[in-house]
Amino acid sequence: AGRAGRAGRACAMPNRNPVFEDIIITQAIAKESRVLDRQGWVDRPGAAPTPLMPGTGVRLTGLSRRPELNGRPGAVLLKPPDERGRLTVRLDAAAGDPSREYRVSPAYLERVVGRSASAPQLPGAPAASDVS
């Protein structure tokens, strides 16, 4: 009789435990970081940074000729570097300023974690401007 009673009851779901969920998420992030590190996607302290790839989210920093652009987010575009090694970056639209392409030295770019490429270039978009 005891067995039949148990078989008829629905299995109760355990209560959510936020601490346990945080531990699982932290372990998943650590595992993903190890995988990316093995694949060469994570920069190591003291080592030369890996080159910026197309689609990498970046932020402009340290510009003296165009200081108003410092802090603006954008993404590296799939275009070859120019003769001076500058990358083409599409900066996101800001208050009153449309999205625009600039050629920037990698020294003035910092990676932004958790961002991906901006919208693709539209036909007839203006050419990139030099900022460094």
Side-chain angles (χ1 to χ4, degrees):
R3 264 187 164 167
R6 278 190 224 157
R9 284 189 298 197
C11 181
M13 294 296 292
N15 292 337
R16 290 183 59 198
N17 183 340
V19 173
F20 184 67
E21 289 175 3
D22 285 346
I23 291 171
I24 290 173
I25 290 169
T26 303
Q27 290 174 345
I29 291 170
K31 181 178 179 180
E32 184 175 344
S33 295
R34 286 190 300 273
V35 169
L36 292 174
D37 185 36
R38 278 190 231 119
Q39 295 173 350
W41 285 94
V42 178
D43 293 336
R44 290 186 174 85
T50 56
L52 294 168
M53 304 297 289
T56 302
V58 294
R59 182 181 301 119
L60 294 179
T61 60
L63 294 174
S64 55
R65 284 182 29 193
R66 300 285 306 271
E68 70 276 8
L69 297 178
N70 286 328
R72 291 270 306 268
V76 177
L77 298 180
L78 180 60
K79 293 187 176 182
D82 67 5
E83 64 280 349
R84 294 174 56 190
R86 296 176 298 187
L87 302 172
T88 304
V89 176
R90 175 176 291 283
L91 294 185
D92 296 345
D97 292 334
S99 176
R100 189 163 171 203
E101 292 181 14
Y102 293 92
R103 285 185 294 270
V104 184
S105 170
Y108 298 109
L109 298 173
E110 68 180 13
R111 292 175 203 257
V112 177
V113 177
R115 279 201 40 133
S116 60
S118 304
Q121 181 177 355
L122 301 172
S129 300
D130 295 335
V131 293
S132 64

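Start at 1 with the first residue, then count along the sequence.
- To the nearest 0.5 Å, atom CZ of residue Arg59 and atom CG of residue Asp92 are 10.5 Å apart.
- Closest heavy-atom contact between Pro54 and Leu78: CG-CD1, 3.5 Å.
- If you take CZ on Arg103 and CZ on Arg84, they are separated by 9.5 Å, rounding to the nearest 0.5 Å.
- Annotation for Gly85 and Pro106: closest pair O-CD, 3.5 Å, computed over non-hydrogen atoms.
- The only option from Val58, Leu87, Leu60 that meets the side chain to side chain contact (heavy atoms under 4.5 Å, CB included) definition with Val104 turns out to be Leu60.
- Side-chain N/O atoms of Thr56 and Arg111 include no donor and acceptor closer than 3.5 Å.
- Expressed to the nearest 0.5 Å, how far CD of Glu110 lies from OG1 of Thr61 amounts to 5.0 Å.
- Here Arg72 contributes atom CZ and Leu63 contributes atom CG; the two are 11.0 Å apart, rounded to the nearest 0.5 Å.
- The two residues Ser105 and Arg86 come nearest to each other via the heavy atoms N-CG, 3.7 Å.
- We find the CG-CD1 distance between Asn17 and Ile23 to be 8.0 Å, quoted to the nearest 0.5 Å.
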